[in-house]
2 protein chains.
Amino acid sequence: MNEPSPQHHTLYERLRERGWRMTAQRRVVAQALAGEHVHMTADEVFRAAQADLPELSLATVYNTLNDLVAMGEVREVAYARGPTRYDPNAVTPHDHLVCVVCGEIRDISTAPGVTLDDDARQGFEVLGAEVVYRGRCPACRAA
Amino acid sequence: MNEPSPQHHTLYERLRERGWRMTAQRRVVAQALAGEHVHMTADEVFRAAQADLPELSLATVYNTLNDLVAMGEVREVAYARGPTRYDPNAVTPHDHLVCVVCGEIRDISTAPGVTLDDDARQGFEVLGAEVVYRGRCPACRAA
DNA sequence: ATATTTGCAAAGTGTTTGCACGTAA
DNA sequence: TTACGTGCAAACACTTTGCAAATAT
């Protein structure tokens, strides 16, 4: 459960390599999260995964997503109101564009040079930084 | 309701100047939000404001906070799980330090030079940017 | 064999809403 | 005077939990 996770593998493969106890439920959840710029809600993951495994329950989706977050394989993105979204691309650092109208979230490459000096840190142990750009997405600008 | 809001006034004064219909409830909510580096939950605002006006209801606190957010006088900060927090210092741009353990949020001055070129913008109309630093706060490091 | 995971349904948070009453302008 | 704000309680959306049955290793 503690081996490294090379980023060129799929989420499913990385989980297998970690020695994570694999079940049909966890497999279909991992497969539902496949893709590079995905930010699904728990319910969207549930629906997609349920297509492969009808007996899957929403509670298990939540359990699995929470485990994946705790493992660092998936990032929670909770910038907009509404349900939490899950970003499976936790390996490659990147920032987000968030639409203030519809909540749409898009990936964007990380802004360079965002670091803090000791003084600014206020005693925090900083584990990561991320830029959130808020604005209106193309669809909402048009509407 | 559309006049500018000089930042050297209190929130309450700015709301009055905007010509916002003022009630005892809105006044005590605005007063509860006074301060420079405050990030209260709706319930914390409710409790604080209720001390001044016992007949205040939580629903009114939510209504008022939502109005203040829509007006741009207060910023919603929903980075950590748990209830939404409200940042009355919407006038001065600043970033946040967020504790991944306890959810504590501290203000930090804005990182310089966080801008996007047209290409990176992906068609978004960018209204603002903010850096979120995630880590462990001093208290949680000690625990 | 056995420690873990699952599904279900119920409970838990946090937030919004509908409507009769109250009140600022 | 009247359009708007308020309190209340019920509804709502999202997430977690307890427990017996199922299952990966």
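Note that the structure is predicted; figures quoted are calculated from it, not measured. Sequence lines set the chain letters: A, B, ... in the order given, protein chains first and strands last, and positions in each chain run from 1.
A single hydrophobic cluster is seen to contain both L116(B) and F124(B), as judged by linkage of ILVMFWY side chains at heavy-atom distances under 4.5 Å, directly or through other members. Following chains of ILVMFWY side-chain contacts shorter than 4.5 Å, one cannot reach V126(B) starting from I105(A), and the two form parts of different hydrophobic clusters.
Shortest non-hydrogen contact noted between R106(B) and P138(B) is NH2-CD, 3.8 Å. Closest heavy-atom contact between R26(A) and R21(A): NH1-O, 2.8 Å. Minimum interatomic distance between H94(A) and I108(A) (heavy atoms only, all atoms of both residues): CB-O, 3.3 Å.
Heavy-atom neighbours of R121(A) CZ from other residues, nucleotides or ligands within 6.0 Å: above the threshold of 12.
In this structure, CH2 of W20(B) is placed 10 Å from C1' of dG5(D), rounded to the nearest angstrom. Between the P atom of dA25(C) and the CE atom of M22(B) lies a distance of 8 Å, rounded to the nearest Å. As rounded to whole Å, 11 Å separates atom P of dT15(D) from atom CD of E44(A). Here dT17(D) presents its P atom at 12 Å from CG of D67(A), a figure rounded to the nearest Å. Taking atom CG of L65(B) as the reference point, atom C1' of dT16(C) lies 13 Å away to the nearest angstrom. The CZ-P distance, from R27(A) to dT23(D), rounds to 14 Å in whole Å. Residue D43(A) contributes atom CG, which lies 15 Å from atom C1' of dC12(D) at whole-angstrom precision. In this structure, CG of N66(B) is placed 9 Å from C1' of dT16(C), rounded to the nearest angstrom.
Both A24(B) and G82(B) lie near DNA chain C, and the one whose nearest nucleotide falls closer to the 5' end is G82(B). Comparing Y86(B) and R16(B), the nucleotide of DNA chain C nearest to each residue sits closer to the 5' end for Y86(B).
Among the atoms of the strands shown, only primed sugar atoms or phosphate atoms (P, OP1, OP2) are found under 4.0 Å from some heavy atom of T84(A). Contact annotation for N63(A): base contact, defined as any heavy-atom pair under 4.0 Å involving a base atom.
With the end axes of the helix from dA1(C)-dT25(D) to dA25(C)-dT1(D) each set by five pairs, the angle from one to the other reads 50° at 10° resolution.
Between H39(B) and H96(B), the two ring planes are perpendicular [angle over 60°; tilted spans 30° to 60°].
Taking side-chain N and O atoms only, Q25(B) has a distance below 4.0 Å to OP1 or OP2 of dG7(D). Dashed line: the shortest gap from a side-chain N or O of R21(B) to OP1 or OP2 of dA3(D) is not under 4.0 Å. Contact annotation: T23(B) reaches the phosphate of dT6(D) (side-chain N/O to OP1 or OP2, under 4.0 Å). Contact between the side-chain N/O atoms of Y62(B) and the OP1/OP2 oxygens of dT16(C) is not found at any separation under 4.0 Å.
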Note to self: Apply side-chain contact (heavy atoms from CB on, under 4.5 Å) to residues D43(B) and Y62(B) and explain how you reach the verdict.
What the structure shows: CA-CA 9 Å; D43(B) 198 67; Y62(B) 274 107; over 6 Å; no
Note to self: Before you tell me yes or no, could you show the steps for L68(A) and W20(A) under side-chain contact (heavy atoms from CB on, under 4.5 Å), namely the whole-Å CA-CA distance, both residues' side-chain angles and the distance that decides it to 0.1 Å?
What the structure shows: CA-CA 10 Å; L68(A) 294 174; W20(A) 202 44; 4.1 Å; yes
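Inspection of the Y79(B) and E130(B) side chains reveals an N or O donor paired with an N or O acceptor under 3.5 Å.
Within residues 49-60 of chain A, the residues that have a heavy atom under 4.0 Å from DNA chain C are, in order of number, E55(A), L56(A), S57(A), A59(A), T60(A).
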